[in-house]
Amino acid sequence: MSAETVFTYGAPQLKFGAGASDEVGYDLSQLGATRVLVVTDAGVAATGLPQRVADQMGRFGIEATVFDGSRVEPTDESMQRAIDFARDAGPFDAYVAVGGGSSIDTAKAVNLMTTNPGELMDYINVPVGRGEAPSKPLKPLVAVPTTAGTGSESTTVCVLDVLSLKVKTGISHPRLRPMLAVIDPTLTVTQPPTVTAASGMDILCHALESYTARWYTTYDKKQPEQRVPYCGSNPIADMWSEKAMALLGRSFRRAVRDGSDLEARNDMALAATFAGMGFGNAGVHIPHANGYPIAGRVRDFQPRDYPAGEPMVPHGMSVSLTAPAAFRFTFEASPERHLRAAALLDPAAGGSGGSAETLPSVVTDLMRDIDIPNGIAAVGYLASDVDDLVEGSLKQQRLLATCPREVTADDLAGIFRSSLELW
Ligand SMILES: NC(=O)c1ccc[n+]([C@@H]2O[C@H](COP(=O)([O-])OP(=O)(O)OC[C@H]3O[C@@H](n4cnc5c(N)ncnc54)[C@H](O)[C@@H]3O)[C@@H](O)[C@H]2O)c1
Ligand SMILES: [Zn+2]
C-alpha cells in the first residue's frame with residue numbers, strides 16, 4: 001500500500017452574526033420552499049426562538065410547522081418519533097433545526113428518513129447498524145444552533161443512542177451536512193451556565209482532538225469511492241482548530257461566568273464554528289471514543305440546567321472527562337502540537353519548557369474553573385466499571401483509528417483509571 005497524498009475539505013454555506021437568524025425566512029424563500037418543518041426541543045422552544053424563526057416564514061408565503069419533541073441527547077426511539085411526526089404531518093420541502101446538537105441531529109435523521117427508504121438501522125454506522133449510504137438526495141436543511149458547541153450545523157454526522165444496545169453511535173454521510181448554517185451568537189445568551197460549560201468543552205475537545213489527530217499522509221492511499229469525511233489532521237483543518245483554541249483561551253471562562261457577555265458569546269460561537277470546520281474534516285479520537293460509553297452507561301447522574309428527571313452525562317461533559325489523560329497519552333506522537341495547543345489555550349503555558357503534563361494541566365485548570373465534574377467518579381463510575389467502559393470505547397473503532405498512536409485496551413483502561421478523579 002502506498003501512502004495517502006490527498007485530503008478533502010467540506011463545509012456548508014455559512015451565515016454568521018447578530019441578527020443572522022432573522023433572515024431564515026428569506027433564505028428559505030430563495031430555495032423555493034413552501035412547507036417547512038422547524039425541529040427543536042422543549043427547552044429551546046421555551047425561549048421563543050423557534051417560533052420567532054417560524055413566524056418569519058409566513059411573510060414569504062411559507063407554511064411552517066414546529067416540532068418541539070426532540071430529545072436532549074437523542075435516541076433511536078426519540079428520532080423515530082420525530083420521523084413519524086414528519087411523515088404524518090408532511091411532506092415538507094425543507095427543514096430548519098433551531099437548537100443545540102440534539103435538535104440539529106434529530107433534523108438530520110428526519111431529513112434522511114423522509115427522503116430515503118428503509119429504517120434508521122440501515123444507515124447507522126457499522127458494526128451497530130448496516131452503514132448504508134443514502135440512495136436519494138435529501139431536502140435542504142438550514143441549521144440554526146442555539147448552543148456554542150457541537151458544530152453539528154457544519155458536520156456530516158448525526159449522533160444517537162441505540163437504547164437496546166446501550167451504545168451511542170452515529171450516521172455519517174456527506175449528504176447529511178446542512179445546506180446552510182445560520183450562526184447567530186445572540187441566540188446563545190440564554191444557555192444556562194452548565195450548558196455553556198459542557199457545550200464549550202465539546203468545542204475544546206473537537207479542536208484539540210482534530211489538531212492532534214493522525215496526519216492524513218500516514219493513512220493508506222484510498223480509492224475515490226473509499227474517501228470518508230474524516231481524513232486526519234491536515235493543513236486546512238489545522239488552521240481552523242488553532243483559531244478555535246485561541247478564541248476559547250480568550251473567552252470560555254468569561255462566557256460561563258457572565259452569560260450576557262456578548263463579546264464572549266460571539267467568540268464562543270465563532271470557536272464552535274471553526275472547530276466544527278476542523279474536526280468535521282480531520283476527525284476526533286480518544287476523548288470522543290471514551291465519551292460515548294461514559295454517556296451511554298450513565299446510572300443516576302443528573303446535571304444541573306438539563307431536563308430534570310433524566311440521568312445523563314451531557315455530550316460535552318462526557319468527552320471532556322478523559323481528555324487530560326488522553327492528551328498525556330498522545331503527547332509523544334507530536335510534542336510540539338500538544339505544547340502549541342496548550343499555549344493557544346493559555347499563553348502563559350507551553351513554550352520550550354513544556355512536558356507531557358502541560359496540556360493536561362491547562363485543560364484541568366479550565367474544567368475546575370467552569371465547574372465541570374471532577375472526573376468520571378463524580379458522574380457515578382467506580383474503578384470496577386473501567387473494563388465495561390473500555391469495552392464501550394473499543395466499539396468506536398472509526399474514532400480510535402484517528403488516534404496519532406496505536407491505542408490498546410490496556411492503554412484505554414489506564415486512561416479511564418487516571419480519569420476517576422482529575423484534581
Ligand atoms: N452531529 C455532530 O457533529 C455532533 C457533534 C458533537 C455532538 N453532537 C451531539 O449533540 C448533542 C449535544 O448538543 P448540545 O451540546 O448542543 O446541547 P443540546 O442540544 O443537547 O441542548 C442542551 C440543553 O440546553 C438547552 N438549550 C440549548 N440552547 C439553549 C438556549 N439558547 N437557551 C436555553 N436553553 C438552551 C436544551 O433545551 C437542552 O436542555 C449530543 O447528542 C451530542 O452527541 C453532535
Ligand atoms: Zn463532540
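A quick note: this is a predicted structure, and the numbers were derived from the prediction, not measured. In each ligand, atom 1 is the first atom listed, and ligand 1 is the first ligand listed.
- Of the angles at the Zn ion (ligand 2), the one spanning OD1 of D202 and NE2 of H206 is 80° when given to 10°.
- Looking at K395 and E391, a side-chain N of the basic residue comes within less than 4.0 Å of a carboxylate O on the acidic one, giving a salt bridge.
- Side-chain atoms of M79 and T106, non-hydrogen and from C-beta on, do get closer than 4.5 Å to each other.
- Contact between P307 and ligand 1 is present, with at least one heavy atom of the residue lying under 4.0 Å from the ligand.
- Within the set T196, D305, T190, the minimum heavy-atom distance to atom 30 (C) of ligand 1 is found for T190.
- Of all protein heavy atoms, the one lying nearest to atom 18 (P) of ligand 1 is S102 OG, 3.5 Å.
- Among T147, V159, L187, the residue whose heavy atom sits closest to atom 16 (O) of ligand 1 is T147.
- Using 4.0 Å as the threshold, G99 has no heavy atom nearer than that to any atom of ligand 1.
- A salt bridge does not link R250 to D346: none of the charged side-chain nitrogens sits closer than 4.0 Å to a carboxylate oxygen.
- Of the protein's non-hydrogen atoms, the one nearest atom 37 (O) of ligand 1 is D41 OD1, 2.7 Å.
- Distance from atom 29 (C) of ligand 1 to its nearest protein heavy atom, with residue and atom name: T146 OG1, 3.7 Å.
- With hydrogens left out, the protein atom closest to atom 2 (C) of ligand 1 is T155 OG1, 3.5 Å, a heavy atom.
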Please determine whether side chain to side chain contact (heavy atoms under 4.5 Å, CB included) holds for the pair L262 and V189, giving the CA-CA distance in whole Å, both sets of side-chain angles, and the decisive distance to 0.1 Å. CA-CA 7 Å; L262 263 180; V189 297; 3.8 Å; yes
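- Residue-ligand proximity, D202 to ligand 1, at heavy-atom distances under 4.0 Å covers atoms 6 (C), 7 (C).
- In H288, the N, O or S atom that comes nearest to the Zn ion (ligand 2) is NE2.
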